[in-house]
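To start, the structure under review is shown below, and the notes come after it.
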Protein chains: 2
Amino acid sequence: MNNPSLYKGILRPIVIRLLEENGRMYGFEITQKVKAITNGKVKITEGALYPLLHSLEAEGILEAEQEFVDNRMRKYYKLTSKGKKVSKHSFGEITEFVLHLQNIFNLKLA
Amino acid sequence: MNNPSLYKGILRPIVIRLLEENGRMYGFEITQKVKAITNGKVKITEGALYPLLHSLEAEGILEAEQEFVDNRMRKYYKLTSKGKKVSKHSFGEITEFVLHLQNIFNLKLA
DNA sequence: TTGCATACCTAAGATTCTTATGTATATTTG
DNA sequence: CAAATATACATAAGAATCTTAGGTATGCAA
């Protein structure tokens with residue numbers, strides 16, 4: 001991405017939102033999904049993603065299960081019931097955040 | 001603000017944008033302006049703002065001049081010509097950032 | 001067989017913030 | 001009039017969140 005520091009603090013809500021919308025995803029899939037949505041502009045680094053997934057699991061927001069596909073390990077994550085509550089709250093925060101940005105920067109978007 | 005970590009990395013473009021729109025502001029004024037725009041939700045901390053203003057000045061993006069009003073010191077900042085170029089670039093990045101957020105979070109905003 | 005894609009992981013360091021504290025003056029309130 | 005609140009600047013220690021750089025391993029294409 002152009003300015004990585006803009007995305008500091010955003011990764012956690014991104015992961016939670018993607019899991020809410022897609023039900024079940026593995027780490028590598030999340031990086032590809034974000035890249036696809038943003039036309040290759042936003043690249044989540046593995047050094048940020050994997051530790052985050054582990055801490056979300058430790059917090060009881062996500063639960064994981066491993067599978068082997070084509071002899072390669074995949075660790076699928078999904079929201080727990082606690083995670084679904086957190087997700088609703090997180091989404092509200094993000095919505096407000098974006099509205100604030102539109103006001104502060106006087107953005108006129110489609 | 002609700003979730004301060006969302007705003008990590010955003011303060012710098014906020015300051016630049018406000019100075020572009022208002023021409024000339026002092027630190028305390030910037031904190032009040034952001035609070036006003038966001039209905040009291042977003043509070044810029046002084047511990048983040050003042051060091052940032054100093055480093056923007058050191059980078060040649062801002063220039064400062066002191067004044068005394070009611071026997072109290074004010075340090076006014078404005079964009080340099082370099083700062084104005086940086087501002088254009090920064091604004092483009094923020095616009096793209098917000099569009100990405102809308103896509104990632106599937107936001108339907110006014 | 002070399003490189004690229006997939007798929008996981010961790011550790012050191014950088015960046016950006018919060019929290020806490022300090023200085024000083026002006027105004028409001030009990 | 002004393003105390004609290006608002007204005008206005010500043011710095012330092014520590015927390016949070018990321019990047020960079022490295023590691024392991026499999027499958028496929030050139």
Side-chain angles (χ1 to χ4, degrees), chain A residues 1-16 24-36 40-59 61-62 64-77 90 93-94 97 100, chain B residues 1-16 24-36 40-59 61-62 64-77 90 93-94 97 100:
Chain A
M1 53 201 112
N2 282 331
N3 187 346
S5 76
L6 288 180
Y7 292 85
K8 237 179 223 280
I10 300 289
L11 181 55
R12 182 186 159 104
I14 286 177
V15 166
I16 291 174
R24 189 167 176 271
M25 299 180 85
Y26 56 99
F28 188 75
E29 187 184 7
I30 291 174
T31 67
Q32 301 307 303
K33 186 74 175 177
V34 171
K35 209 190 284 179
K41 297 282 178 60
V42 179
K43 284 160 193 150
I44 291 177
T45 61
E46 298 176 319
L49 180 62
Y50 289 115
L52 173 62
L53 288 171
H54 301 160
S55 69
L56 288 174
E57 192 185 1
E59 288 178 61
I61 291 170
L62 303 185
E65 50 185 30
Q66 288 189 28
E67 279 182 29
F68 279 82
V69 179
D70 295 331
N71 204 28
R72 269 201 230 90
M73 201 243 289
R74 282 186 188 171
K75 206 162 160 189
Y76 278 97
Y77 290 91
S90 169
E93 284 183 344
I94 285 285
F97 173 61
H100 286 332
Chain B
M1 53 202 110
N2 282 332
N3 188 344
S5 75
L6 288 179
Y7 293 84
K8 238 179 223 278
I10 300 289
L11 181 54
R12 183 186 158 106
I14 286 177
V15 167
I16 290 174
R24 189 168 176 272
M25 300 179 85
Y26 56 99
F28 189 75
E29 187 184 10
I30 291 173
T31 67
Q32 301 306 302
K33 186 75 175 177
V34 171
K35 210 190 284 181
K41 296 282 178 60
V42 178
K43 285 161 192 148
I44 291 176
T45 61
E46 299 175 318
L49 179 62
Y50 290 115
L52 173 63
L53 287 171
H54 300 161
S55 69
L56 287 173
E57 191 184 3
E59 287 178 62
I61 291 169
L62 303 185
E65 51 186 30
Q66 289 188 27
E67 278 182 30
F68 279 82
V69 179
D70 296 330
N71 204 29
R72 268 202 233 91
M73 200 243 289
R74 281 185 189 171
K75 207 161 159 189
Y76 278 97
Y77 291 90
S90 169
E93 284 183 346
I94 286 285
F97 173 61
H100 286 332

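Note that this is a predicted model, so its numbers are computed, not measured. Labels below follow one simple rule: chain letters A, B, ... track the order of the sequence lines, proteins then strands, and each chain is numbered from 1.
Between A:Tyr50 and C:dC8, a side-chain N or O to OP1/OP2 separation shorter than 4.0 Å is present. In this structure, B:Asn71 reaches the C:dA26 phosphate: one of its side-chain N or O atoms is under 4.0 Å from OP1 or OP2. One finds no side-chain N or O of A:His54 lying less than 4.0 angstrom from the OP1 or OP2 phosphate oxygen of C:dC8.
Counting to the nearest Å, the C1' atom of C:dT10 and the CG atom of A:Leu53 are 14 Å from each other. Here the P atom of nucleotide D:dT7 and the CZ atom of B:Phe68 are 18 Å apart, to the nearest Å. Rounded to an integer number of Å, the gap from A:Lys75 NZ to D:dA25 P is 17 Å. Counting to the nearest Å, the C1' atom of D:dT11 and the CG atom of B:Leu52 are 15 Å from each other. At whole-Å resolution of the value, NZ in B:Lys33 and C1' in D:dA8 are 19 Å apart. In this entry the distance linking CD1 of A:Ile10 with C1' of C:dC17 reads 14 Å, nearest Å. Rounded to a whole Å, the CZ atom of A:Phe28 is 14 Å from the C1' atom of D:dA25. As rounded to whole Å, 15 Å separates atom P of C:dT25 from atom CD of B:Gln66.
Taking every side-chain heavy atom of B:Arg72 into account, D:dT7 is the closest of D:dT19, C:dA7, D:dT7. The side chain of A:Thr45 lies closest to D:dT20 when the candidates are C:dT18, D:dT7, D:dT20.
Residue A:Glu46 is classed as a base contact, given a heavy-atom separation below 4.0 Å to a base. Across all strands, B:Ile44 comes closer than 4.0 Å to no nucleic acid atom at all (heavy-atom distances). Contact annotation for A:Ser5: backbone-only contact, meaning every heavy-atom pair under 4.0 Å involves sugar-phosphate atoms and none involves a base. The residue B:Gly47 sits close to a base: some heavy atom pair falls under 4.0 Å. When heavy atoms are screened at a 4.0 angstrom cut-off, B:Lys8 is found touching base atoms of the nucleic acid.
Along DNA chain D, the nucleotide nearest to A:Leu11 and the one nearest to A:Asp70 differ in position, and the one closer to the 5' end is contacted by A:Leu11. Residues B:Tyr26 and A:Lys43 both approach DNA chain D. Their nearest nucleotides, taken by heavy-atom distance, put B:Tyr26 toward the 5′ side. Between A:Met73 and A:Asn3, it is A:Met73 whose nearest contact on DNA chain C lies nearer the 5' terminus.
Closest of all the heavy-atom pairs between B:Tyr77 and B:Ala64 is CE2-CB, 3.6 Å.
In this structure, B:Glu46 and B:Leu49 have side chains that are not in contact, with every pair of non-hydrogen atoms separated by 4.5 Å or more. Residues B:Glu67 and B:Tyr26 have side chains not in contact (no heavy-atom distance under 4.5 Å, counting atoms from C-beta outward). Residues B:Ile61 and B:Arg12 have side chains in contact (heavy-atom distance under 4.5 Å, counting atoms from C-beta outward).
Within the model, atoms NZ of A:Lys8 and CG of A:Asn3 stand 11.0 Å from one another, a figure rounded to the nearest 0.5 Å.
Evaluated for a salt bridge (charged side-chain N to carboxylate O under 4.0 Å, His left out) with A:Glu65, the options A:Arg24, A:Lys75, A:Arg74 yield exactly one hit, A:Arg24.
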